[in-house]
Structure formats: structure tokens, C-alpha cells
*Asks:* 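Pasting a structure here, questions to come.
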Amino acid sequence: MTVPGIGVVTALAYRHTIDDPSRFASAQTVGAYLGLTPRRHQSGKTDTQGGVSKWGDRALRVYLYEAATVLLHRTKRWSRLKAWGEQLARRVGYKKAHTALARKLAVILHCIWTDGTEFEWGKEPAMISSV
């Protein structure tokens with residue numbers, strides 16, 4: 001629960017759904033397991049990416065999406081994760097940014113769980129003043 005936006009319910013749902021973090025070869029496969037990666041359709045020369053695959057636990061997906069929303073809109077403290085999400089939201093829109101941030105939160109939670117570390121907020125970059 002040290003990650004911004006992650007509360008008690010989300011943390012418990014994550015722990016219950018993942019159960020054993022060692023069953024994933026890497027933290028990046030957690031996003032695919034939860035259905036937070038784009039669906040791909042490939043045939044011959046065509047390769048199209050669709051919407052989110054929606055495999056896995058629906059409730060956890062919703063909780064992570066809400067955590068991403070809280071991180072972007074309610075969290076006042078600066079972090080690299082929030083800055084990345086805001087930049088992505090300006091570029092592709094808020095719904096896609098929330099989904100991408102939810103996947104990134106799932107990966108971060110997996111890394112924190114396996115390493116036993118805490119979330120690193122990072123330092124806000126210094127503003128460059130023009131003279």
C-alpha cells in the first residue's frame with residue numbers, strides 16, 4: 001500500500017489474484033495475465049492491435065484502473081509515475097492512459113512484492129527559469 005492510489009481493497013485483491021509471484025517469469029507478464037495488454041490480430045502481412053484483451057480477474061482490473069485514476073487526479077505529491085501518466089494522457093487521452101498506468105501499477109506491485117522494497121517517489125526535476 002506504499003504505492004500511490006493503491007488502497008486496502010486493491011492490495012488484497014492483487015495479493016489474492018496473483019497468489020504466488022514466483023509463477024511469473026517476469027513482472028511484465030503480470031499485465032498480460034490480468035488482461036491489461038492490447039489484443040493482437042495477426043494474419044499474413046496484417047498486424048492490427050485492438051483494445052485491451054480483458055483476460056483475467058475483472059475486479060482487480062477495475063481496482064487497478066481506479067488506482068490509476070486516483071494517482072493521476074487525486075495524488076498531490078509528485079512522482080515519476082504520475083508525470084509519465086500525465087504526459088501519456090495528454091498524448092493519447094485519459095482512458096488509454098489510465099489503462100496503461102493500471103498495467104504499470106500491476107508490474108510495480110509485482111516487483112515490490114518479490115523484492116520486498118518500497119515505492120520510490122523520486123525527486124521533482126528543477127524548473128528552468130528563463131532570464
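The structure presented is a predicted model; accordingly, all values stated were derived computationally and were not measured.
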*Asks:* Show the nearest heavy-atom pair for residues Tyr33 and Thr17, with the distance to one decimal.
*Replies:*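 What the structure gives for the nearest pair is OH-O, 4.0 Å.
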*Asks:* When you look at CZ of Arg23, are more than 12 heavy atoms from neighbouring residues, nucleotides or ligands closer to it than 6.0 Å?
*Replies:* yes
*Asks:* Could you report the tightest heavy-atom contact between Ala97 and Val92, atom names first, then the distance?
*Replies:* N-CG2, 4.3 Å
*Asks:* Is there a path of hydrophobic side-chain contacts, each under 4.5 Å between heavy atoms, that joins Leu36 and Trp84?
*Replies:*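 Looking at the clustering, Trp84 is in the same group as Leu36.
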*Asks:* State the CG-CG distance between Leu60 and Leu12, to the nearest 0.5 angstrom.
*Replies:* 11.0 Å
*Asks:* Locate the shortest heavy-atom distance separating Ala67 from Gly5; write the atom from each residue and the value.
*Replies:*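 Distance-wise, the nearest heavy atoms are CB-O, 3.3 Å.
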*Asks:* Determine, using the 4.5 Å side-chain heavy-atom cutoff (strictly less than), whether Ile108 and Trp113 are members of one ILVMFWY cluster.
*Replies:*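 Yes: a chain of side-chain contacts under 4.5 Å links Ile108 to Trp113.
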*Asks:* Looking only at heavy atoms, what is the nearest atom pair of Lys104 and Leu81, with distance?
*Replies:* CD-CD1, 3.5 Å
*Asks:* Are Val70 and Leu72 connected in a single hydrophobic cluster, I mean Ile/Leu/Val/Met/Phe/Trp/Tyr linked by side-chain heavy atoms less than 4.5 Å apart?
*Replies:* no
*Asks:* Between the main-chain N or O of Ala106 and the side-chain N or O of Tyr14, is there a donor-acceptor pair closer than 3.5 Å?
*Replies:*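 The answer is yes, because a donor-acceptor pair under 3.5 Å joins these two groups.
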*Asks:* Any donor-acceptor pair under 3.5 Å linking the side chain of Arg61 with the backbone of Leu34?
*Replies:*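 Between the backbone of Leu34 and the side chain of Arg61 there is a qualifying donor-acceptor contact (under 3.5 Å).
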*Asks:* Give a yes or no on whether the backbone of Ile6 and the side-chain of Thr10 come within a donor-acceptor separation of less than 3.5 Å.
*Replies:*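 The answer is no, because no donor-acceptor pair under 3.5 Å joins these two groups.
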*Asks:* Let me know which of Thr114, Ile112, Val30 forms a side-chain contact (heavy atoms from CB on, under 4.5 Å) with Pro21.
*Replies:*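 With Pro21 as partner, Thr114, Ile112, Val30 yield a single side-chain contact (heavy atoms from CB on, under 4.5 Å), made by Thr114.
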*Asks:* Would the Tyr94 and His73 ring centres measure less than 6.0 Å apart?
*Replies:* yes
